[in-house]
Amino acid sequence: MSQAASAEMSFWSPVAEPQKTQEFPYFAVALKGEELRAYLRAAPQEGSAEGLSLTLPMPDQRFVLVEAYDSPVMAPELAEKFPNIRTYKVHGVDIPTLSGRIDYTDAGFKAFLTMDGRSVLIEPESRFSDRKSEDRYRVFFKQDLPYIPKPVEPQGALVPDQAGNSVEPYEEVANPGFFSRMWRSIKNWF
């Protein structure tokens, strides 16, 4: 690992957490957020020959080296109005099949990565508990999220036409949890 990568690895540190309190398997980490935000500002534009070296935590409790590229997704006028919202594209160095997006906003750091057909998420701890710690994060495989029942639609909500169907459109028949996760993903896009 290069000296620059070793130096910046200190952005992340493991957090000891008892297994019995975990509702699904994850790796708890602490982040020096303001230092990472400042470091990421030096990332070259997407399409550059070399990216900014960065280490990211993985669910198996290791840290992997990636290259980060500034990859704006907002119109320039909006980016100027909201300078604290930054998006980056990452490619794995240690794991060539690793790729994805990371972003840093006022809500904290987030990552959606894929490698070897699996999705890895890095999310703020505040999304999962009442802890108000801005520097704590969970790293986990998306498929390890617990089953969460689909939301109940309020009366009068639009429901797909069920005429001629013997099975409810959202009924989980073959693979419990799959349709629920898919439903949550679709609902998050709207």
Side chain to side chain contact (heavy atoms under 4.5 Å, CB included) assessment of Leu113 paired with Met58
CA-CA 10 Å; Leu113 311 167; Met58 292 288 113; 3.7 Å; yes

Donor-acceptor check, side chain of Asp70 to backbone of Pro44, threshold 3.5 angstrom: yes or no?
no

Scanning both residues in full, the closest heavy-atom pair of Pro57 with Val29 reads CB-CG1, 4.0 Å

Grab the two heavy atoms, one from Ala43 and one from Ala68, that are nearest each other, plus how far apart they are.
CB-O, 3.9 Å

Nearest 0.5 Å please: distance from the CG atom of Leu98 over to the CG atom of Asp116.
8.5 Å

Tell me, do Val139 and Val120 make a side-chain contact under 4.5 Å, heavy atoms counted?
yes

Does the Ser48 side chain pair with the main chain of Glu50, one donor and one acceptor, at a distance under 3.5 Å?
no

Kindly indicate whether the side chain of Tyr88, heavy atoms from C-beta on, has any atom under 4.5 Å from the side chain of Arg101.
no

Val64-Met115 co-clustered via ILVMFWY side chain contacts under 4.5 Å
yes

Taking the side chain as every heavy atom from C-beta outward, state whether Arg86 and Arg37 have any atom pair closer than 4.5 Å.
no

Under the 3.5 angstrom rule, does the side chain of Tyr137 hit a backbone N or O of Phe109 as a donor-acceptor pair?
yes

Shortest non-hydrogen contact from Ser119 to Phe112?
OG-CZ, 3.7 Å

Decide whether Ile85 and Leu40 are clustered together by the hydrophobic rule: side chain heavy atoms of Ile, Leu, Val, Met, Phe, Trp, Tyr closer than 4.5 Å, transitively.
no

Give a yes or no on whether the backbone of Thr55 and the side-chain of Trp12 come within a donor-acceptor separation of less than 3.5 Å.
yes

State whether Phe141 and Arg118 meet the cation-pi test: NZ (Lys) or CZ (Arg) under 6.0 Å from the six-membered ring centroid, and within 45° of the perpendicular axis.
yes

CD1 on Ile102 to CD1 on Ile122, rounded to 0.5 Å
8.0 Å

Might you work through the side chain to side chain contact (heavy atoms under 4.5 Å, CB included) test for Arg136 and Val15, ending with a clear yes or no?
CA-CA 8 Å; Arg136 297 273 307 264; Val15 174; 3.5 Å; yes

Can a salt bridge be assigned to the pair Glu123 and Arg138 using a cut-off of 4.0 Å between side-chain N and carboxylate O?
no

Does Phe140 form a side chain to side chain contact (heavy atoms under 4.5 Å, CB included) with Phe27? I'd like the steps, not just the answer.
CA-CA 6 Å; Phe140 55 92; Phe27 178 34; over 6 Å; no

Atom CG in Leu65, atom CG in Leu54: separation rounded to 0.5 Å?
8.0 Å

Closest heavy-atom contact between Pro72 and Gln45?
CD-OE1, 3.9 Å

Any donor-acceptor pair under 3.5 Å from Tyr104 side chain to Leu36 backbone
no

Would you indicate whether Glu80, at its atom CD, is surrounded by more than 12 heavy atoms from other residues, nucleotides or ligands within a distance under 6.0 Å?
no

Does His91 form a side chain to side chain contact (heavy atoms under 4.5 Å, CB included) with Tyr69? I'd like the steps, not just the answer.
CA-CA 9 Å; His91 295 286; Tyr69 301 87; 3.7 Å; yes

Quick one about Asp103 and Thr87 (side-chain donor to acceptor, distance below 3.5 Å, no hydrogens or angles considered), yes or no?
no

Which heavy-atom pair separates Ala79 from Met74 by the least distance, and what is that distance?
CA-CE, 3.7 Å

